[in-house]
Amino acid sequence: QSINNIFITDIEGNIEYVNPMFEKITGWTKEEAIGKNPRILSSGETTRAEYEELWNTILSGKTWRGLFKNKRKDGRPYWGNAVISPIKNEKGEITHFLAIQEDITEKKMAEERAQYLASYDGLTGLLNRARFMELINKWIHAHADNQGILLLIDIDGFKLINDTYGHGVGDELLRHMAGFLQNT
């Protein structure tokens, strides 16, 4: 009944148990997942070196902790903050591995959105003023011997458009202008 995605594999990494949250998060049913390798969850973004480090850690009897960008059965991504621990028998031999993953997709998406908004305008998708000025300054310093032209466009009466027709129309005008400028 954990709120985390939990599964147990044999020593070769074949899934032997999944909890209900595994099914809910991944979209794989218990019947579909049993006998499969956790590679069914792979987004392809984890490097070979990262997997080698994971396997070296758990095969040495230690617990591994890290992040995975996984994919659901339908292909949509999700982020898992994982802890993978070896399970040993009474002789101290590793027989299984226990994986517990906290779904941190919403947190990662919020972080990605915040990073995006730090440089781009959420409405138009264009660089925001701060990022634009940063790039202009870099360009000026890198091309001190060159000349360039900077075009500043002001939409006369924009406040009147917002006040008269509403912010929705004003937003649509900005999106249209941004699209026009990007395509010219």
Side-chain angles (χ1 to χ4, degrees), residues 1-128 131 167-168 171-172 174-176 178-179 182-183:
Q1 298 305 312
S2 175
I3 61 170
N4 293 320
N5 168 359
I6 298 174
F7 60 97
I8 297 173
T9 70
D10 63 18
I11 193 77
E12 278 90 39
N14 299 311
I15 298 172
E16 292 187 350
Y17 167 83
V18 300
N19 72 338
M21 192 56 72
F22 175 96
E23 295 178 291
K24 182 177 178 183
I25 292 171
T26 69
W28 290 91
T29 65
K30 178 177 162 180
E31 293 76 22
E32 293 170 320
I34 301 292
K36 298 257 188 337
N37 188 286
R39 281 190 292 270
I40 61 173
L41 306 175
S42 175
S43 67
E45 294 187 27
T46 303
T47 66
R48 180 180 206 83
E50 290 171 305
Y51 280 124
E52 286 176 7
E53 188 235 327
L54 179 156
W55 277 102
N56 289 337
T57 301
I58 61 176
L59 286 172
S60 71
K62 298 177 188 163
T63 296
W64 180 89
R65 288 172 172 69
L67 293 176
F68 282 116
K69 183 175 184 182
N70 290 323
K71 69 175 180 182
R72 294 174 171 86
K73 183 179 178 185
D74 64 10
R76 290 180 302 130
Y78 74 95
W79 283 92
N81 187 11
V83 176
I84 303 174
S85 300
I87 299 172
K88 299 177 183 178
N89 63 17
E90 60 281 346
K91 297 177 188 173
E93 301 165 329
I94 298 171
T95 60
H96 294 84
F97 298 105
L98 170 66
I100 302 172
Q101 291 185 354
E102 175 189 9
D103 183 4
I104 59 168
T105 304
E106 288 183 24
K107 178 182 173 187
K108 290 298 271 185
M109 289 175 66
E111 287 172 3
E112 288 172 4
R113 181 75 179 151
Q115 287 176 343
Y116 175 82
L117 291 176
S119 296
Y120 293 90
D121 178 74
L123 179 64
T124 63
L126 296 175
L127 290 172
N128 62 24
R131 181 70 174 140
H167 290 279
D171 291 351
E172 187 57 36
L174 285 177
R175 279 192 288 273
H176 179 74
Q182 285 177 324
N183 293 325

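Note that the structure is predicted; figures quoted are calculated from it, not measured.
- Between the side chain of Ser43 and the main chain of Lys69, a donor-acceptor pair closer than 3.5 Å is present.
- Rounding to the nearest 0.5 angstrom, the gap separating the CZ atom in Arg39 from the CG atom in Leu41 is 11.0 Å.
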- Check against side chain to side chain contact (heavy atoms under 4.5 Å, CB included), Val83 and Thr63: CA-CA 7 Å; Val83 176; Thr63 296; 3.5 Å; yes

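- Between the side chain of Asn183 and the backbone N or O of Gly179, at least one donor-acceptor pair lies under 3.5 Å.
- When all heavy atoms of Val18 and Ala33 are compared, the closest pair comes out as CG1-CB, 4.0 Å.
- Annotation: the span from Thr9 atom OG1 to Lys36 atom NZ amounts to 15.0 Å, rounded to 0.5 Å.
- Distance check, rounded to the nearest 0.5 Å: CH2 of Trp64 to CD of Glu50 gives 7.5 Å.
- Counting all heavy atoms, side chain and backbone alike, Ile34 lies closest to Glu16 at CD1-O, 3.1 Å.
- A centroid separation of less than 6.0 Å is found between the aromatic rings of Trp55 and Phe97.
- With hydrogens and angles disregarded, no donor-acceptor distance shorter than 3.5 Å links the side chain of Lys24 to the backbone of Pro20.
- Side-chain contact between Leu54 and Thr46 is absent, with no heavy atoms from C-beta onward closer than 4.5 Å.
- Atom CG of Asn70 sits about 9.0 Å away from atom OG1 of Thr26, to the nearest 0.5 Å.
- Within a 6.0 Å sphere centred on CD of Glu31, other residues, nucleotides and ligands contribute more than 12 heavy atoms.
- Taken to the nearest 0.5 Å, the CD1 atom of Ile15 stands 7.0 Å off from the CG atom of Asn37.
- Across all their heavy atoms, Asn19 and Asn4 have their closest contact at ND2-O, 2.9 Å.
- The backbone N or O of Lys88 lies less than 3.5 Å from no partner atom in the side chain of Thr95, so there is not a single donor-acceptor pair.
- Considering only heavy atoms from C-beta on, Glu112 comes within 4.5 Å of Trp79 through its side chain.
- Leu98 pairs with exactly one of Ile6, Ile58, Ile84 by the side-chain contact (heavy atoms from CB on, under 4.5 Å) rule, that one being Ile6.
- Taking CD1 from Ile40 and NZ from Lys71, the interatomic distance works out to 9.5 Å, rounded to the nearest 0.5 Å.
- Scanning both residues, Gly13 and Pro38, for their nearest heavy atoms gives O-CD, 2.8 Å.
- When every heavy atom of Gln101 is checked against every heavy atom of Phe68, the shortest pair comes out as NE2-CD1, 3.7 Å.
- We find that Arg48 and Glu52 are joined by a salt bridge, their nearest charged nitrogen and carboxylate oxygen being less than 4.0 Å apart.
- Scanning both residues, Lys30 and Glu23, for their nearest heavy atoms gives N-OE2, 2.6 Å.
- For the pair Asp74 and Arg72, the salt-bridge criterion is not met [side-chain N within less than 4.0 Å of a carboxylate O].
- The aromatic rings of Tyr116 and Tyr120 sit parallel, their planes meeting at an angle under 30°, below the 60° perpendicular limit.
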